[in-house]
Amino acid sequence: MTPAQLSRTIRHTLPRVLPDDADAGSLCARVRVVVESPPRRGEGDYATGAAFQVAAACGRPAREVAEALAVRLVRDEDAVSVAEVVGGGFVNVTLTSAARIELVRTLAGSGPVDSDSVDRATASAPAGPSTGLLAPLTPEPTDDPCRDIPRWAAVTGEDPAALAVRTERSSSLFRVQYAHARICSLLRNGRRLGLRPEPASAVPLGAAGARLLALLADRARITAPGPLARHLDAVAGAFAAFHDAGEPLPRGEQKPGAAHRGRLALAEATGAVLAGGLSQLGVTAPVHL
């Protein structure tokens with residue numbers, strides 16, 4: 001279940017939350033349901049504050065509306081495992097394992113950065129940037145700092161001179177591009193070990209994986225260039241934390257297993273989201289860096 005799908009589900013559920021209100025249907029139709037990643041870790045896959053709008057329109061306490069919405073979501077939606085009311089009326093939603101697996105599969109296919117396309121890109125010339133939100137992409141062998149830095153600086157307002165210091169600490173552009181190149185390397189090396197990404201093995205995710213997946217799913221909601229660049233930087237940071245919590249590839253004499261295939265699947269989904277976002281900004285998504 002993507003944020004857009006959950007948003008539609010909540011919109012259809014809200015009138016049932018107000019069964020004694022004759023105008024519930026028209027009232028809820030005017031509500032703008034925003035679903036995004038939770039502002040803090042460990043609080044589900046998605047969060048929405050739609051209950052505040054409904055409460056303001058019908059004169060009920062926001063927490064009362066949120067609690068009724070949470071009960072309905074868990075009871076009526078197979079993809080929802082937990083719906084928890086936070087604060088005065090936010091609802092944080094946790095997906096079922098099956099829904100998380102399908103989300104990983106959907107994200108990984110949004111602009112394929114798989115081991116086959118990575119190998120093809122290594123041997124090919126750079127492809128031109130795509131303007132599509134999640135258009136199929138061919139990763140580029142290397143980056144182009146002379147082109148990339150001015151474009152990134154233009155949308156973020158960052159100093160081009162600072163971006164030219166190519167370290168993870170100094171440059172948000174480098175952090176994002178490095179995360180993409182690192183994922184391409186993981187997929188290449190995984191293929192050499194006979195490891196393919198396997199979304200069905202991606203759960204349980206752990207706290208770092210859940211945080212990363214929530215940010216990946218939130219990507220399609222963010223279209224403005226500046227917020228998109230900042231979001232990609234957050235994804236890159238979340239991927240680093242996910243990688244450190246459990247490496248996608250076996251080390252030393254460790255045998256490859258389902259956990260590695262699942263981590264590779266989430267890495268592949270991250271690569272696709274990073275590549276799509278970088279392409280939308282007209283910036284290279286390098287295979288090597």
Side-chain angles (χ1 to χ4, degrees), residues 1-104 106-107 110 133-134 203-224 226-228 230-231 234-235 238 273:
M1 175 177 277
T2 65
Q5 290 169 334
L6 180 58
S7 178
R8 290 192 293 270
T9 294
I10 291 172
R11 183 175 296 281
H12 293 151
T13 301
L14 283 171
R16 300 199 296 273
V17 170
L18 307 171
D20 56 342
D21 192 325
D23 297 325
S26 59
L27 183 154
C28 294
R30 298 192 296 271
V31 172
R32 181 171 178 263
V33 179
V34 175
V35 173
E36 55 192 342
S37 57
R40 291 180 295 278
R41 299 187 181 191
E43 297 183 344
D45 297 308
Y46 302 129
T48 182
F52 288 103
Q53 296 182 59
V54 175
C58 69
R60 298 191 183 192
R63 189 171 182 91
E64 176 186 312
V65 175
E67 288 172 347
L69 174 60
V71 169
R72 282 280 186 174
L73 288 173
V74 174
R75 188 179 71 187
D76 298 345
E77 300 303 324
D78 293 339
V80 175
S81 174
V82 177
E84 178 186 10
V85 179
V86 179
F90 290 98
V91 178
N92 287 2
V93 174
T94 300
L95 302 179
T96 63
S97 293
R100 282 177 164 180
I101 289 169
E102 185 55 34
L103 181 57
V104 171
T106 298
L107 291 167
S110 64
L133 179 60
L134 288 174
V203 294
L205 290 167
R211 172 63 176 168
L212 175 59
L213 182 59
L215 284 171
L216 296 179
D218 204 22
R219 155 68 183 97
R221 182 183 62 84
I222 302 169
T223 57
L228 173 56
R230 291 189 290 273
H231 184 76
V235 168
V273 168

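The first residue of the sequence shown is numbered 1, and numbering continues consecutively from there.
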Across all chains, not counting sequence neighbours, the side chain to side chain donor-acceptor pair (under 3.5 Å) partners of Glu77 are none

Contacts of Ala4 that satisfy side chain to side chain contact (heavy atoms under 4.5 Å, CB included) - sequence neighbours left out
Thr2, Arg8

Arg60 versus Val17, closest heavy-atom pair with distance
NH1-O, 4.4 Å

Met1 versus Asp45: any side-chain heavy-atom pair under 4.5 Å?
no

Flag side-chain contact, heavy atom, 4.5 Å: Leu14 against Val33:
yes

So which atom in Leu103 and which in Leu95 form the shortest heavy-atom distance, rounded to 0.1 Å?
CD2-CD1, 4.2 Å

Pairing residues for Arg230 by the salt bridge (Lys or Arg N to Asp or Glu O under 4.0 Å) criterion, not counting sequence neighbours
none

Please check if the side chain of Arg219 supplies one atom and the backbone of Ile222 the other of a donor-acceptor pair under 3.5 Å.
yes

Under the 3.5 angstrom rule, does the side chain of Thr48 hit a backbone N or O of Val34 as a donor-acceptor pair?
yes

Heavy-atom check, side chain of Val93 versus side chain of Val82, under 4.5 Å:
no

Between Arg75 and Arg72, which heavy-atom pair has the shortest distance, and what is it?
NH2-NH1, 2.8 Å

Side chain Ser81, main chain Thr94, donor-acceptor under 3.5 Å:
no

Shortest non-hydrogen contact from His231 to Leu215?
NE2-O, 2.8 Å

Backbone of Arg32 reached by a side-chain donor or acceptor of Gln53 within 3.5 Å:
yes

Stepwise, does the side-chain contact (heavy atoms from CB on, under 4.5 Å) test hold for Asp76 with Thr9?
CA-CA 10 Å; Asp76 298 345; Thr9 294; over 6 Å; no

Counting only N and O atoms by type, is there a donor-acceptor contact under 3.5 Å from the side chain of Thr106 to the main-chain atoms of Glu102?
yes

Shortest non-hydrogen contact from Leu205 to Ala210?
CB-N, 3.7 Å

CZ of Arg16 to CG of Leu69, rounded to nearest 0.5 Å, is 10.0 Å

Can you name the nearest heavy-atom pair linking Pro61 to Ala55, along with the distance?
C-CB, 3.9 Å

Do the non-hydrogen side-chain atoms of Asp78 and Thr96 ever get within less than 4.5 Å of each other?
no

